[in-house]
Amino acid sequence: MSELSNKEKAEWPLWEVFIRSKAGLDHKHVGSLHAADADMAIENARDVYTRRMEGISLWVVESKYVHASNPDDAGSLYDPANDKIYRHPTFYNLPDEVKYM
Amino acid sequence: MDAFKQHFDEKIDKELTIEPKDWMPDEYRKTLIRQISQHAHSEIVGMLPEGNWITRAPSLRRKAVLLAKVQDEAGHGLYLYSAAETLGISRDEMLDQLHTGKAKYSSIFNYPTITWADMGAIGWLVDGAAIMNQVPLCRTSYGPYARAMVRVCKEESFHQRQGFEIMLTLSNGSAIQKKMAQDALNRWWWPSLMMFGPPDAESPHTEQSVRWRIKRFTNDELRQKFVDVTVEQAKVLGLTIPDPELKWNEERGHYDMGPINWDEFWNVVKGNGPCNKQRLDTRRQAWEDGAWVRDAAMAYANKKAARSNKKTAEAA
């Protein structure tokens, strides 16, 4: 077991990969990979995730810097939006004569 | 605990995906780690029988295609290892399990690739069987696994087509070439059927896995589907499936097939196939020979980071 944990220390860090599939679109998460540093992460991402013209731009972020919300908090985080339908344009009744609004 | 379990079951029933940070039963996590890592190992070991022919491909076109295919397998392995890592196992731990023989990989890769026609048969039959298994997994319940499978499936269909094309070219070639294609089909047919795993009656985990949507069809269902489509494809090639009992069953609407030699299957699983030792030795050696590269890259990255930290400190 101690041998294993030594080996694990030598493991290259994990990176998350984001790809912009074409000009004008957001970068989107596509997966992850291991690399020793950012340059290698971009090179590996190119080889692993863009072999078929999947993108024109890559972002890599070391996974340990990604902070995520807790799924157990989903209720308290997102439920309050449910009763605020007045945030949507369809909430408002306008006379038919009003155009382009 | 029971409330967590109930919430989990409800999500499964509603066809919702389970994500890495969601609560899940230990057994679900364990089963997934086993299944996904086995799948990843199969992709990586699967590179070896085909790598055998890259330098001897009969034309530059075939060589480029085979190289691309083997590179894809490496990519598939990486997608899958990454998916398994989201369940809390490290990459090195998985590789260790492969190298010590604790983890299994698909038995099909323990057969040798002795002629060029084997590249055709592998693409057509082995990748064909893999696709049959993998397409339903694009809707599996664990999100990272399902998303990895979507990528894999998109890429896999080129693999099957290039294999079929090799078989077609050989089948339309000289008598010797056609014989070579038939010989490859004879050797790969039964091992390909075994790829779907033991019969349902002897597959104790199937029921639970189907319940969890880790599996969407049983081994026998998928095997039948594979036989039904592949027999028709063999007709196009003008080749004979090496099963004298193969017969269309009007009543069932499926092909009936002869008995599978499960003793052979278990024997290969236990490590006694023609190439088990060779495959594992090659993997272990690649891992050990690459150790200095992994260490050097990490040392270089650490040094570079330290230098840039020092510079920043001095500037401040």
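Here is how names work: the chains are called A, B, and so on, in the same order as the sequence lines, proteins then strands, and each is numbered from 1. Keep in mind that the numbers below use all heavy atoms, side chains included, and drop hydrogens, waters and symmetry copies.
The nearest pair of heavy atoms linking Ala301(B) to Ala36(A) is CB-O, 3.4 Å. Between Trp12(A) and Val293(B) the shortest heavy-atom distance is CZ2-O, 4.3 Å.
Annotation: side chain of His34(A) is in contact with side chain of Glu85(B) (closest heavy-atom distance under 4.5 Å). Side-chain contact between His7(B) and Asp72(A) is absent, with no heavy-atom pair separated by less than 4.5 Å. No side-chain heavy atom of Arg52(A) sits less than 4.5 Å from a side-chain heavy atom of Lys154(B).
When heavy atoms are compared at a cutoff of 4.5 Å, Gln71(B) approaches chain A by way of both its backbone and its side chain. Only the side chain of Lys304(B) comes within contact range of chain A, judged by heavy atoms closer than 4.5 Å. Neither the backbone nor the side chain of Asn302(B) comes within less than 4.5 Å of any heavy atom of chain A. Both the backbone and the side chain of Ala68(A) come within contact range of chain B, with heavy atoms under 4.5 Å apart. With a threshold of 4.5 angstrom between heavy atoms, Arg151(B) approaches chain A through side-chain atoms but not through N, CA, C or O. Residue contact with chain B, scored on non-hydrogen atoms closer than 4.5 Å, is absent for Asn44(A).
Heavy-atom neighbours of Tyr65(A) OH from other residues, nucleotides or ligands within 6.0 Å: at or below the threshold of 12. Enclosure of atom CG in Asn70(A) by more than 12 non-hydrogen atoms of other residues, nucleotides or ligands within 6.0 angstrom is indicated. Residue Asp26(B) places its CG atom among 12 or fewer non-hydrogen atoms of other residues, nucleotides or ligands, all under 6.0 Å distant. For CZ of Arg161(B), the number of neighbouring non-hydrogen atoms (other residues, nucleotides, ligands) closer than 6.0 Å is 12 at most. No more than 12 heavy-atom neighbours from other residues, nucleotides or ligands sit within 6.0 angstrom of CD1 on Ile85(A).
Formation of a donor-acceptor pair under 3.5 Å by the Ser32(A) side chain with backbone atoms of Ser82(B) is not found in this model. Side chain of Tyr79(B) to main chain of Val48(A): a donor-acceptor pair is present (N/O by atom type, distance under 3.5 Å, no hydrogens or angles).
A salt bridge does not link Arg91(B) to Glu11(A): none of the charged nitrogens lies less than 4.0 Å from a carboxylate oxygen.
In terms of heavy-atom pairs under 4.5 angstrom with chain A, the leader among Arg147(B), Glu155(B), Glu19(B) is Glu155(B).
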Please assess Asp73(A) against Lys21(B) for the test salt bridge (Lys or Arg N to Asp or Glu O under 4.0 Å), listing each intermediate value before the final yes or no.
CA-CA 11 Å; Asp73(A) 296 339; Lys21(B) 289 189 130 200; over 6 Å; no
